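Remarks on the structure that follows.
Everything numeric here is computed off the predicted structure, so don't read it as measured data. Throughout, protein chains are lettered first and strands after them, A, B, ... in sequence-line order, and every chain is numbered starting at 1.
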Number of protein chains: 2
Amino acid sequence: MRADAVRNRERIVELARALFREKGYDAVSMDEVAKAAEVGVGTLYRHFPTKEALYDAALQAWVETVTEAVEKALAAEGSARDRLLSWFDTYVEFLTRHKGAAWRITSALGDEGSPFAAKCRTYLNANQRIIDTLASEGAMRADVDAMQLCRLVGGVAAVVDNSELDAEAARSMLAVVADGVLAS
Amino acid sequence: MRADAVRNRERIVELARALFREKGYDAVSMDEVAKAAEVGVGTLYRHFPTKEALYDAALQAWVETVTEAVEKALAAEGSARDRLLSWFDTYVEFLTRHKGAAWRITSALGDEGSPFAAKCRTYLNANQRIIDTLASEGAMRADVDAMQLCRLVGGVAAVVDNSELDAEAARSMLAVVADGVLAS
DNA sequence: TTGCTAAACGGAGACACCCTCCGTATCGTT
DNA sequence: AACGATACGGAGGGTGTCTCCGTTTAGCAA
């Protein structure tokens, strides 16, 4: 790729991330991103085939930190329930960091053709890691799988994001999910 | 209202319901509804100020049966868990009957200004009725409220609807929620 | 440096969507 | 039958995503 193209691509992603994060997916138009990045819309569409692909690129950076977040949640002190809740908290925080992202990503679970497929895999692996670890301690119900967990917590995250609920409201819903998946 | 206006209104709602149900909210345009009902778009907008208001009207008929569904779920035989799951099943089935409705209605929870506010109240009351009944048997955790339950089950319904999950996948997620809200 | 070609750019405009506006047609009452 | 209030239709305004193509520019070779 030519040097000017690389520069433009990077600037577009950066500006788009700021806009999406601030205003949410729907409230940002491609014209707006183009204007902010000082390029034509044509340039946007050469780098990113659709608006969703651009969104995907804008979300890339923070998704890459999810693996380390899993390990951190697992390494913490406390009961299995505490560590699970800590992970749920982190997970929801990640998903709601950009307005509208939680629902879009959770919707894409199981859809290989989605622009978010790679992100979904990352999240599925993260949740699988949690399940494996807690299951080896005998703390998880046997019939819980990563997809289910992603969907349950993603659903909560989507609602929290959409209704702009505070951390406490989120936590009380996550507690329900946690109690439901832990061995009783 | 004039007789022709009444006829048109009814025909619009009926045709719109069929279209929305089949294709989902986003995939149906107002032009399409107008054409199906053989009226101009202007007529649509005289009867319904926005597309969402039309959607709300299209969903009205089946929402009205929700109260009786609650009583039926509560009257059934079985443990508190069985009856709760039976209600969850019904609730999700209601919300997913029209593609896209689950997320739109669940999103509107707590937003008094939404066109779906009346539906939200109906659902909140239904869930409150469930909570009250099961709590009087000592089967519910004390800190669960109707809004929380609506959001949890609505979140599951939205995911089920969006990913077109089968009844069994829905049930396994609902079981998690049920176990999380029942007294342990 | 200069010339050349492939790559990248910009933005006009096609198309789809929601919704408004207003001239025309119809209902129902007098 | 005449007339006023009510309802109708669809052209078109505004905004969005995305495409197309004439123009510009980067980077290499002579």
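Residue pairs meeting the salt bridge (Lys or Arg N to Asp or Glu O under 4.0 Å) criterion with at least one partner in residues 63-73 of chain B, sequence neighbours excluded, are B/E71-B/R129. Residue pairs meeting the side-chain hydrogen bond (donor to acceptor under 3.5 Å, both in side chains) criterion with at least one member in residues 109-118 of chain B, sequence neighbours excluded: B/E112-B/R121.
By the salt bridge (charged side-chain N to carboxylate O under 4.0 Å, His left out) test, A/E52 is found to be paired with A/R104, residues two or more places apart in sequence or in another chain being considered. Looking at residues two or more places apart in sequence or on another chain, you find no ring pair (Phe, Tyr, Trp, His ring centres under 6.0 Å) involving A/F116. Every residue meeting the salt bridge (charged side-chain N to carboxylate O under 4.0 Å, His left out) condition with B/R83, not counting sequence neighbours, appears here in chain and number order: B/E137. Residues meeting the ring pair (Phe, Tyr, Trp, His ring centres under 6.0 Å) test with A/H98, sequence neighbours left out: A/W62. B/R46 pairs by the salt bridge (charged side-chain N to carboxylate O under 4.0 Å, His left out) definition with nothing, not counting sequence neighbours. Partners of B/R81 under the salt bridge (charged side-chain N to carboxylate O under 4.0 Å, His left out) rule, at least two apart in sequence or in another chain, are B/D179.
Rounding to whole angstrom units, NZ of residue A/K35 and C1' of C/dC9 are separated by 17 Å.
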Using residues 28-44 of chain A as the side-chain source, report each donor-acceptor pair under 3.5 Å to any protein atom, sequence neighbours left out, with the distance given to one decimal.
residue	atom	partner	partner atom	Å
A/S29	OG	A/E32	N	3.1
A/E32	OE1	A/S29	N	3.3
A/E32	OE2	A/K23	NZ	2.4

Protein-proximity profile, nucleotides 16-29 of chain C, B/S/- by nucleotide at the 4.0 Å heavy-atom cutoff, equals -SSBBB----BSS-
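A/K51 forms no cation-pi arrangement with A/Y45, by the criterion of a distance under 6.0 Å to the ring centre and an angle within 45° of the ring axis.
Scanning residues 10-21 of chain B for heavy-atom distances under 4.0 Å to DNA chain C yields an empty list.
From the 5' end on, the contacts that DNA chain D makes with chain B at under 4.0 Å to a non-hydrogen atom open and close at D/dA5 to D/dA11.
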